[in-house]
2 protein chains.
Amino acid sequence: MFRLASGIWVKDKTQNQDEGSSHRRSPRADAQRNLDALLQAAKAVFAVAGVDAPVRDIAERAGVGIGTVYRHFPQRADLIAAVCRQEMDACADAAQRLAAEHEPFDALADWLQLYAGFVATKRGLAKALHSGDPAFEALPARFEQRLRPAFRALVESARAAGAVRTDFDADEILSAVASLCMSARDDKPDHARRMVALLVDGLRHGARSSTSDGLP
Amino acid sequence: MFRLASGIWVKDKTQNQDEGSSHRRSPRADAQRNLDALLQAAKAVFAVAGVDAPVRDIAERAGVGIGTVYRHFPQRADLIAAVCRQEMDACADAAQRLAAEHEPFDALADWLQLYAGFVATKRGLAKALHSGDPAFEALPARFEQRLRPAFRALVESARAAGAVRTDFDADEILSAVASLCMSARDDKPDHARRMVALLVDGLRHGARSSTSDGLP
DNA sequence: ACCTGAACACCGTTCAAGT
DNA sequence: ACCTGAACACCGTTCAAGT
């Protein structure tokens with residue numbers, strides 16, 4: 001366990017789990033269990049009720065008192081940030097996989113769809129990400145260390161292959177896609193997908209639009 | 001004054017303002033004044049603090065008791081809806097003007113930028129518009145009667161002129177642009193404008209992307 | 001008819017008391 | 001150390017009392 005500048009407690013995978021040692025360090029087993037349960041519960045609750053779900057619901061689902069939530073996450077936003085962190089890492093990993101398995105342009109297009117689907121699932125996470133809330137100060141660092149370079153690499157590969165235009169900024173595309181998906185409605189599940197496809201089409205260098213490629 | 005199915009009270013411009021008549025009808029002068037003040041105050045408060053601003057702030061700015069707000073607008077969302085209605089009408093009027101003064105494609109592109117700027121100013125209004133909240137049930141009617149046909153007409157003109165592709169749905173573009181602008185950040189005021197330009201570029205039939213047309 | 005503001009319910013957050 | 005839940009503050013909404 002170590003504490004980030006943001007005030008979030010994170011598991012330290014390098015230390016072992018003996019409990020008998022009377023020295024300092026090593027988080028109590030119940031604390032560790034509660035933290036894990038909290039993150040898992042929050043992820044599940046956010047998925048069905050959005051990030052505005054009451055903290056009490058998350059505490060109940062995790063089987064802990066509400067005070068415990070605030071011990072691990074000083075503010076409600078910190079919980080959201082922690083869940084977001086986990087998801088961002090998973091998304092970044094996928095980027096490397098796609099780059100290895102597909103052509104530059106397809107990898108870029110596919111990853112944006114993946115990113116879009118991810119954002120759509122956790123409504124409002126992206127909004128929190130790009131809002132000025134001080135609780136999310138630590139998130140952009142992770143975003144820049146993982147998602148941003150992941151996408152930049154995809155863009156550079158596509159540019160090197162001459163597949164996309166050069167007059168757009170990778171970061172803008174990322175937040176644009178996030179915006180697009182944040183408000184996706186339940187009754188039109190693939191609306192976001194189609195809009196992202198359209199946006200991606202706009203990136204293509206010398207795109208031909210006479211065929212309905214990408215838009216079913 | 002007449003009451004919509006949604007429960008919102010609206011000014012009836014056709015009736016005159018005599019107060020002495022002891023019959024029924026004719027809203028009391030103070031009630032009318034309060035309603036106007038409320039709409040104006042809400043618009044102003046939403047502009048600076050977003051649609052999540054406390055109802056008490058709006059009541060105070062309008063110089064009325066909080067109970068008066070709820071007399072005119074049964075739910076907080078009804079106030080938002082009423083303000084949104086006004087703004088939608090203004091936006092629809094602008095569409096007709098642009099269609100008369102510009103080439104089909106330019107009118108379409110310019111209006112989307114106008115619409116984008118409008119949505120960006122009142123953060124969250126668009127989100128409310130496309131969320132399933134029952135309080136906004138009356139809004140889509142207005143949206144369909146005014147904004148939708150306004151944009152459809154622009155799209156049809158552009159299609160007739162062979163300026164845009166035919167495999168996209170006008171409604172999807174409207175909500176996509178709204179999504180794009182909802183989360184525009186203060187420190188990057190023209191981010192939304194650039195993204196909309198990119199989206200519009202994707203609509204163009206046989207778009208050439210070698211020049212940086214539309215993206216400064 | 002319409003206005004007012006105290007009162008209620010709900011939710012984020014704190015903290016004294018426990019183990 | 002860490003957990004708990006009663007308690008507090010804030011905000012949406014209601015309603016009895018006023019004019």
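Chain letters run A, B, ... following the sequence lines, proteins first, then strands; residues in each count from 1.
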Looking at every non-hydrogen atom in both residues, tell me the closest pair between Ala53(B) and Arg76(B) and how far apart they are. O-NH1, 2.9 Å
Among dC11(C), dT4(D), dT4(C), find the nucleotide with the atom closest to the side chain of Thr68(A). dT4(D)
Quick one: is dT14(D) close enough that its OP1 or OP2 comes under 4.0 Å of any side-chain N or O from Tyr70(B)? no
Which pair of non-hydrogen atoms, one from Ala95(A) and one from Ala150(A), has the smallest distance, and what is that distance? CB-CB, 3.7 Å
Does a nitrogen or oxygen in the side chain of His72(B) sit under 4.0 Å from OP1 or OP2 of dC3(C)? yes
Spacing between Asp52(B) atom CG and dC11(C) atom C1', to the nearest angstrom: 15 Å
Is Arg159(B) positioned over the aromatic face of Phe168(B), cation under 6.0 angstrom from the ring centre and no more than 45 degrees off axis? yes
Ala31(B), nearest nucleotide to its side chain (from dC3(D), dC2(C), dC11(C)): dC2(C)
Take Arg165(B) and Asp201(A) through the salt bridge (charged side-chain N to carboxylate O under 4.0 Å, His left out) test and state the conclusion after the steps. CA-CA 12 Å; Arg165(B) 48 204 282 182; Asp201(A) 219 54; 2.9 Å; yes
Taking side chain as C-beta onward, heavy atoms only, is Leu39(B) less than 4.5 Å from Phe73(B)? yes
Given dT13(C), dC2(C), dG12(D), identify the nucleotide with an atom nearest to the side chain of Arg76(B). dG12(D)
CD/Gln40(B): more than 12 non-hydrogen atoms of other groups inside 6.0 Å: no
Smallest separation among heavy atoms of Leu199(B) and Ala176(B), with atom names: CD2-CB, 4.1 Å
Using the rule given for salt bridge (charged side-chain N to carboxylate O under 4.0 Å, His left out), can you reason through Asp169(A) versus Arg194(B), listing the C-alpha separation, both sets of side-chain angles and the distance that settles it, and then say yes or no? CA-CA 10 Å; Asp169(A) 184 40; Arg194(B) 293 163 57 85; over 6 Å; no
Give a yes or no on whether the backbone of Leu38(A) and the side-chain of Arg61(A) come within a donor-acceptor separation of less than 3.5 Å. no
All stems with DNA chain C, defined as three or more consecutive Watson-Crick or G-U pairs under 3.5 Å: C:4-8 with D:12-16, C:12-16 with D:4-8
Short side-chain N/O contact to dT13(C) OP1/OP2 from Gln75(A), under 4.0 Å: yes
Among residues 58-67 of chain A, which residues get a heavy atom nearer than 4.0 Å to DNA chain D? Val64(A), Gly65(A), Ile66(A), Gly67(A)
Distance check needed: dC11(C) C1' versus Leu79(A) CG, whole Å only. 15 Å
Contact summary for Phe151(B) and Leu174(B), nearest pair of heavy atoms: CD2-CG, 3.7 Å
Establish whether the base of dT14(D) is bridged to the side chain of Arg71(B) by a donor-acceptor pair shorter than 3.5 Å. no
Flag, side chain of Trp111(A) to backbone of Gln96(A), donor-acceptor distance under 3.5 Å: no
Could you tell me how far apart Arg56(B) (CZ) and dG5(C) (P) are, to the nearest whole angstrom? 12 Å
How about CD on Glu60(A), more than 12 heavy atoms from neighbouring residues, nucleotides or ligands closer than 6.0 Å, or not? no
Phe73(A) has an atom CZ; how far is it from atom C1' of dC3(D), in whole Å? 15 Å
Does dC2(D) have OP1 or OP2 under 4.0 Å away from a side-chain N or O of Asn34(A)? no
Every protein N/O lying under 3.5 Å from an N/O of nucleotides 16-19 of chain C:
none

